[in-house]
Amino acid sequence: MGCRVPPTDRHLLAIEGMHPPQIAALLDLAESYALLNRSGKTPRDRLRGRTLINLFFEDSTRTRTSFELAGKRLGADVINMQVSASSVNKGETLLDTAATLNAMNCDLLVVRHAASGAPALLARKVEAAVINAGDGTHEHPTQALLDALTIRRHRGGLEGLTIAICGDVLHSRVARSNIFLLTTMGSRVRVIGPPTLIPSQIDRLGVEVFHDMAAGLRGTDAVMMLRLQQERMARGLVPSAREYFRFYGLDAEKLAHARPDALVMHPGPMNRGVEIASAVADDPRHSVIREQVEMGVAVRMAVLDVLAQAGANG
Ligand code: CP
């Protein structure tokens, strides 16, 4: 498959700073991989001889599995590091771990870490292309790319759309990456949530802030719900899950304020009955949550392809 993506960085660490043509070209390539995946005709020799290591210091189902699948579909050798069974448990540092993997001539290093900036730190120390698979509350770039691809498939583009990002924005790397991507591509972005879960000065990122779901959802083209990240909360920022759902959980009544054909999205994992009602999450007239997962594989194939070629030419 010919790569039509303009020159990019050697790593994918963040959406912030990416330019519209880079994003559009990555989405175009991902779209072609989505079609090839459906037809079962993926180019299995594209990454032959390349080694991809998944290094996840935080739990993951979708991201880790889809990077593994993406690498294997393109013919790479894929290794999933079991961090819980690695020498990290004997005190080995992040940098020493990465240097060890680097010495094995790995080409692509996919990193998830609880510390914001950890993948960027590694990128300065290793020769492999580093892909940020989610770092603390900073960014989750491939999630934003797969979300954008999903929206684009249903709406034909991103420019001029109004997209609501709802819930625990404060702790969400998904929200940050989506805000950067969607505003860069010309969408209007609203963030909706309780004052305790909306970062102060987030309006500086070019978004509108709402604390009322009905007002914020009015006329929106897509509604992205966020997981309530209780594990990152130092103290109780919400009174109770029940109370949270009443005011900020997406149910059919609140969704009725959005456009009649609004897309319902969630990066997963979902807390059903906390940030989203099952009736909405599973409603085929609105929900594209399963399609987001499918697009995740296509987007990660595109990212691996582009970075592997950049490494080969660099
Ligand atoms: N959306 C997302 O990052 O899911 P995982 O934590 O399962 O990878």
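One-based numbering along the sequence shown. Indexing begins at 1, ligand by ligand and atom by atom, following the structure's order.
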Can Glu58 be said to touch ligand 1, with heavy atoms closer than 4.0 Å? no
Face-on cation placement of Arg300 at Phe67 ring, 6.0 Å and 45° thresholds: yes
Taking only heavy atoms of [X], which atoms of ligand 1 are found under 4.0 Å from at least one of them?
X      : value
Gly268 : 1 (N), 2 (C), 4 (O)
Thr61  : 5 (P), 7 (O), 8 (O)
Thr63  : 2 (C), 3 (O), 4 (O), 5 (P), 8 (O)
Gln143 : 1 (N), 2 (C)

Do any N or O atoms from the side chain of His113 and from the backbone of Ala118 form a donor-acceptor pair under 3.5 angstrom? no
Any side-chain to backbone donor/acceptor pair from Arg190 onto Gly216? Under 3.5 Å, distance only. yes
Heavy atom of the protein closest to atom 4 (O) of ligand 1 (residue, atom name, distance): Arg62 NE, 3.1 Å
The residue among Glu16, Glu139, Glu58 that forms salt bridge (charged side-chain N to carboxylate O under 4.0 Å, His left out) with Arg173 is Glu58
Who pairs with His19 by side chain to side chain contact (heavy atoms under 4.5 Å, CB included), at least two apart in sequence or on another chain? Pro21, Gln22
I need the contact type for Arg112 against ligand 1. Using non-hydrogen atoms and a strict under-4.0 Å cut-off, is it side chain, backbone, both or neither? side chain
My understanding is that only one of Glu275, Gln292, Arg227 makes a side chain to side chain donor-acceptor pair (under 3.5 Å) with His266; could you say which? Glu275
